[in-house]
Peer 1: 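If you scroll down you'll find the structure; I have some questions about it.
Numbered from 1 within each chain, the chains take letters A, B, ... in sequence-line order.
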Protein chains: 2
Amino acid sequence: MSPAVVVVIFTIQHDALSVLLIERAANPGTGQWALPGGILNPGETLEEAAVRKLEGETGVRDVYLEQLFTFDPIENTGAGVIVSYFALVDANRARLRPDLEWRPAWRPVRGLGELAFGNELIVGVALERLRNKLDYTNVAYSLLPAEFTLTELQRVYEAILGETMDKRNFRRRVVGLGVVKESGGWRKTGAHRPARLYEFTSRAPVTLG
Amino acid sequence: MSPAVVVVIFTIQHDALSVLLIERAANPGTGQWALPGGILNPGETLEEAAVRKLEGETGVRDVYLEQLFTFDPIENTGAGVIVSYFALVDANRARLRPDLEWRPAWRPVRGLGELAFGNELIVGVALERLRNKLDYTNVAYSLLPAEFTLTELQRVYEAILGETMDKRNFRRRVVGLGVVKESGGWRKTGAHRPARLYEFTSRAPVTLG
DNA sequence: CCAAAAGTGTTCTGACTACACCCATGC
DNA sequence: GCATGGGTGTAGTCAGAACACTTTTGG
């Protein structure tokens, strides 16, 4: 049986970590929410299939994408093993594409509940992996535009880890470890003084420390 | 096509990290060294297949076993995706079983060279993962008998990480983090005073810190 | 003048590093 | 008596955690 690929696509929406889910408007699983995924096309590699799914749902490429875990086949689906990936995208760049059969939507990870095919387990594994990676890599680069304020970056970290952090310690850490550097730009936002803009030192995955 | 499972089985032999390889005495790949692996049996899960392979080659069960990565199919092998696992066994408990088609042997990881099917890449990924896990988990429990001296444990760490460590710092760390505790026993070995024996605080995988 | 958000330093603590000698035993 | 290998303490450094006030700006 042909293997299937499933992608856990995370983004930050309204300061909440969210995952892209699809509501089935046709059988099997009508009315249920599931992760985007499907069978490999002939001649396609696993990663190519994951990229295809990611791009098909969000329109973005060149984001952080990592293989997660491989699950046993699910009975009665006609597919083989399920190779899962997780990806991180900037919500402002993503353009969801609803159609008649599939209704994609960002859903906050907190309080997800059960999904079709037990997919909530895959989301759980992905979340755990993401939290770990945040500590010792620069993966967050894939969740933000090229320029951002340190406060925005901190909100991303807090949304993922589910805890608040001290502003001064956070700044020291991300700058000191070389995760980000000043971009030279400034931003005026609302009723306060302009904020210094930052950019990631590297826009490819890097392990720190 | 049916998925295949491949297992990277590590052990410590003569203070050297070694991996179980099989020399093919039949086609395909006669004379080449490869990792143990094969096709899933009907109705079997991925992990069950990995356990079966592990037990078939070494006779041991209930050791550390973790899914590693899933690779794209290799052309002309008739198998589908390759789900790799890695395992850690105590060389003194393992009993290799040569037969006419397969000649299994422990081979030191240092200086392995190329293997059949590019399997050296899988060993490389497994080694990297093992080194990382050693830092923040108790996985070493699966490489040693129930009781051991701290010097023996240190030699295991050194063999895996490929670097020597300070004895006093090492002891402080493994005891302080609760990886091991005194078992109460003593061992006489050769021409020196008896050595205190230790055991792992947990013989199941635990994340520390 | 007030609300909103950015920016900034110091102290304490715990973990990790480097480093050298003594002692019990078996031969 | 000597070779073998187990066992032990201290000082320095660095990273992370806790903690509060000032400044600019727009309305």
Side-chain angles (χ1 to χ4, degrees), chain A residues 12 14-15 131-138 140 144-145 147-199 201 207-209, chain B residues 12 14-15 131-132 134-138 144-145 147-199 201 207-209:
Chain A
I12 304 285
H14 315 304
D15 290 341
R131 284 179 173 155
N132 286 332
K133 287 243 155 183
L134 208 54
D135 286 337
Y136 62 94
T137 69
N138 68 340
L144 285 171
E147 289 193 312
F148 49 87
T149 68
L150 282 191
T151 304
E152 286 167 346
L153 181 62
Q154 183 172 349
R155 279 201 284 256
V156 168
Y157 273 68
E158 290 176 343
I160 294 172
L161 298 175
E163 60 192 23
T164 62
M165 308 184 187
D166 181 85
K167 201 197 309 196
R168 290 160 291 186
N169 294 338
F170 180 79
R171 283 159 185 253
R172 247 196 308 272
R173 201 171 104 233
V174 293
V175 176
L177 285 178
V179 180
V180 298
K181 59 174 197 256
E182 298 182 8
S183 77
W186 296 81
R187 155 128 32 105
K188 312 192 206 217
T189 34
H192 51 79
R193 66 168 144 180
R196 197 188 294 277
L197 293 178
Y198 285 78
E199 61 192 349
T201 306
T207 299
L208 312 166
Chain B
I12 304 284
H14 314 305
D15 291 343
R131 283 180 173 155
N132 286 332
L134 207 55
D135 285 338
Y136 63 93
T137 69
N138 67 341
L144 285 170
E147 291 193 311
F148 49 87
T149 67
L150 281 192
T151 304
E152 287 167 346
L153 181 63
Q154 183 173 347
R155 280 202 282 258
V156 168
Y157 273 68
E158 290 177 340
I160 294 172
L161 298 175
E163 61 190 24
T164 62
M165 308 183 187
D166 181 87
K167 200 199 304 197
R168 289 160 290 188
N169 294 338
F170 179 78
R171 282 158 186 254
R172 246 197 307 271
R173 201 170 105 233
V174 292
V175 176
L177 285 179
V179 180
V180 297
K181 60 173 196 254
E182 298 182 8
S183 77
W186 296 80
R187 153 124 39 99
K188 309 192 207 216
T189 34
H192 52 78
R193 66 168 144 181
R196 198 189 293 279
L197 293 178
Y198 285 78
E199 62 191 350
T201 306
T207 299
L208 312 166

Peer 1: Measure from CZ on Arg168(A) to C1' on dA5(C) and round the result to the nearest Å.
Peer 2: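 In whole Å, dA5(C) C1' and Arg168(A) CZ are 15 Å from each other.
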
Peer 1: So, Arg131(B) side chain and Ile160(B) main chain: donor-acceptor pair closer than 3.5 Å or not?
Peer 2: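 Yes; at least one donor-acceptor contact below 3.5 Å.
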
Peer 1: With the side chain of Arg172(A) defined as its heavy atoms from C-beta on, choose the nearest nucleotide among dG7(C), dT10(C), dA18(C).
Peer 2: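 Looking only at side-chain atoms, Arg172(A) lies closest to dT10(C).
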
Peer 1: Could you tell me the separation between the CZ atom of Arg193(B) and the P atom of dA3(D), rounded to a whole number of Å?
Peer 2: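 The answer, rounded to whole Å, is 18 Å.
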
Peer 1: Return the 5'-most residue of the pair His192(A), His192(B) with respect to DNA chain D, ranking by each residue's nearest nucleotide.
Peer 2: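 Its nearest nucleotide lies further toward 5', so the answer is His192(B).
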
Peer 1: Without decimals, in angstroms, what is the distance between Glu158(B) CD and dG5(D) P?
Peer 2: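 Value for this atom pair: 14 Å.
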
Peer 1: Between Ser183(A) and Glu199(A), is there a donor-acceptor pair closer than 3.5 Å when you use the side chain of the first and the backbone of the second?
Peer 2: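 Pair absent, no side-chain N/O of Ser183(A) close to backbone of Glu199(A).
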
Peer 1: For Phe170(A) and dC19(D), give me the distance from atom CZ to atom P, rounded to whole Å.
Peer 2: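 Taking atom P of dC19(D) as the reference, CZ of Phe170(A) is at 20 Å.
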
Peer 1: State which of dG6(D), dG7(C), dC16(C) makes the closest approach to the side chain of Ala195(B).
Peer 2: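 For Ala195(B), the side-chain atoms sit closest to dG6(D).
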
Peer 1: Measure from CZ on Arg196(B) to P on dA24(C) and round the result to the nearest Å.
Peer 2: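 Arg196(B) atom CZ is separated from dA24(C) atom P by 14 Å.
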
Peer 1: Distance check needed: dG16(D) P versus Tyr157(A) OH, whole Å only.
Peer 2: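 Going from Tyr157(A) (OH) to dG16(D) (P), I get 12 Å.
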
Peer 1: Centre-to-centre under 6.0 Å for Phe148(A) and Tyr198(A), is that the case here?
Peer 2: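 No, they do not, as the ring centres are separated by 6.0 Å or more.
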
Peer 1: Among dT25(D), dA18(C), dG9(C), find the nucleotide with the atom closest to the side chain of Asn169(B).
Peer 2: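 Nearest listed nucleotide: dA18(C).
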
Peer 1: Would you say Gln154(B)'s side chain and Met165(B)'s backbone share a donor-acceptor pair under 3.5 angstrom?
Peer 2: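 Pair found, side chain donor or acceptor close to backbone of Met165(B).
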
Peer 1: Distance-only, no hydrogens or angles: does the Thr201(B) side chain make a donor-acceptor pair with backbone N or O of Gly178(B) under 3.5 Å?
Peer 2: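 Side chain of Thr201(B) to backbone of Gly178(B), a donor-acceptor pair under 3.5 Å: yes, one is there.
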
Peer 1: Whole Å only: how far is the NZ atom of Lys167(B) from the C1' atom of dC23(C)?
Peer 2: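 Taking atom C1' of dC23(C) as the reference, NZ of Lys167(B) is at 12 Å.
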
Peer 1: Rounded to the nearest Å, what distance is computed from the CZ atom of residue Arg155(B) to the C1' atom of nucleotide dG6(D)?
Peer 2: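 That distance rounds to 11 Å.
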
Peer 1: Looking at the side chain of Pro194(B), which of dT25(C), dT22(D), dG9(C) is the nearest nucleotide?
Peer 2: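 Looking only at heavy atoms from C-beta outward on Pro194(B), the closest nucleotide is dT25(C).
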
Peer 1: Which residue lies toward the 5' end of DNA chain C, Leu177(B) or Leu197(A), if each is placed at its nearest nucleotide?
Peer 2: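 Checking each residue's closest nucleotide, the 5'-ward one belongs to Leu197(A).
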
Peer 1: Would you say Thr151(B) reaches dG5(D)'s phosphate, i.e. side-chain N/O to OP1/OP2 under 4.0 Å?
Peer 2: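 Checking Thr151(B) against dG5(D): no side-chain N or O falls below 4.0 Å of OP1 or OP2.
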
